[in-house]
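Quick note: residue numbers are just sequence positions, from 1.
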Amino acid sequence: MRASEKTHLLIVEDDPMIGFDLAVELEAAGFTVVGVAPTVHKALHLLERNHCDLAVLDVNLGQETSAPIARALAAAGVPFVAVTGYSVDQCPEEFATAPLLSKPFQTSRLVAALRRQLHP
């Protein structure tokens with residue numbers, strides 16, 4: 001992907017303030033945020049209707065995990081970075097090969113992880 005092209009990014013985060021802050025910070029870093037989804041249903045809906053090059057997935061979405069989204073992204077060949085407040089061993093197997101950042105994290109670390117996913 002050339003530097004002049006925008007990278008379309010989906011954010012899956014159940015905390016509205018964190019989702020909003022991430023969207024603002026990642027837009028400032030040069031990504032185009034296609035949406036912030038607080039639930040699996042909303043994220044899958046956004047994926048059906050928007051081109052997505054990359055995603056940030058909060059592993060735990062309250063009463064559900066983002067594992068179904070991870071499966072959909074993997075099936076579509078879309079890389080993602082997982083974020084969680086839990087330990088790695090508490091994450092579903094869908095996240096075993098994904099970069100994982102522990103909350104809280106610095107946005108610069110997330111941006112670096114996302115860029116590595118685009119250019120492995």
Side-chain angles (χ1 to χ4, degrees):
M1 182 170 292
R2 294 189 313 269
S4 62
E5 294 177 356
K6 289 284 191 174
T7 301
H8 294 86
L9 175 77
L10 172 67
I11 298 171
V12 180
E13 169 59 61
D14 63 328
D15 182 307
M17 289 305 297
I18 293 173
F20 175 78
D21 287 347
L22 277 177
V24 169
E25 292 169 359
L26 293 174
E27 288 268 352
F31 296 96
T32 298
V33 176
V34 298
V36 179
T39 65
V40 169
H41 176 78
K42 175 75 172 174
L44 294 175
H45 179 79
L46 284 168
L47 283 174
E48 287 176 5
R49 286 162 178 68
N50 295 280
H51 168 73
C52 183
D53 301 303
L54 195 56
V56 176
L57 303 183
D58 182 2
V59 175
N60 188 347
L61 302 174
Q63 301 298 316
E64 58 186 350
T65 72
S66 58
I69 305 158
R71 285 192 298 272
L73 291 168
V78 176
F80 63 89
V81 173
V83 297
T84 185
Y86 294 93
S87 66
V88 175
D89 61 337
Q90 292 176 308
C91 292
E93 65 183 52
E94 288 84 354
F95 299 95
T97 60
L100 182 69
L101 295 179
S102 294
K103 289 181 176 183
F105 55 84
Q106 293 178 325
T107 304
S108 60
R109 288 189 63 222
L110 176 59
V111 168
L114 289 166
R115 289 190 175 138
R116 280 192 302 274
Q117 287 297 93
L118 285 175
H119 308 286

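A distance-only check finds a donor-acceptor pair linking the side chain of Q117 to the backbone of F80 [under 3.5 Å].
For the pair F31/V111, a side-chain contact is recorded, criterion being any heavy-atom separation below 4.5 Å from C-beta on. Looking at heavy atoms from C-beta onward, F95 lies in side-chain contact with L57 at the 4.5 angstrom threshold.
Taking both residues in full, the closest heavy atoms of I11 and G19 are given as CD1-O, 4.4 Å, listed atom of the first, atom of the second, then distance. The nearest pair of heavy atoms linking E13 to V36 is O-CG1, 4.5 Å. Across all non-hydrogen atoms, the minimal contact from V40 to P68 is CG1-CB, 3.9 Å. Between S66 and V12 the shortest heavy-atom distance is CB-CG1, 4.4 Å. C52 and V78 make their closest contact through O-CG2, 3.6 Å (heavy atoms, listed as atom of the first residue, atom of the second, distance). Taking every heavy atom of both residues into account, A37 and K42 meet most closely at CB-CG, 3.7 Å.
Between the side chains of H45 and R49, at least one donor-acceptor pair of N or O atoms lies under 3.5 Å.
The CG atom of D58 sits 8.5 Å away from the CG atom of D15 when rounded to the nearest 0.5 Å. Note that CG of L114 is 10.5 Å distant from OG1 of T107, once rounded to the nearest 0.5 Å. Separating the CD atom in E94 from the OG1 atom in T65 is a distance of 6.5 Å, to the nearest 0.5 Å. Note: E64 CD to H41 NE2 = 10.5 Å, rounded to the nearest 0.5 Å. Interatomic distance, D14 CG to T39 OG1, rounded to the nearest 0.5 Å: 9.5 Å. Atom CG of N50 sits about 8.5 Å away from atom NE2 of H8, to the nearest 0.5 Å.
L9 pairs in a side-chain contact (heavy atoms from CB on, under 4.5 Å) with only one of the listed residues (T32, V56, L22, V81), which is V56.
A continuous path of ILVMFWY side-chain contacts below 4.5 Å connects L118 to L110, so both sit in one hydrophobic cluster. There is a path of hydrophobic side-chain contacts, each under 4.5 Å, that joins I18 to F105.
In F20, the CZ atom is not crowded: 12 or fewer heavy atoms of neighbouring residues, nucleotides or ligands sit closer than 6.0 Å.
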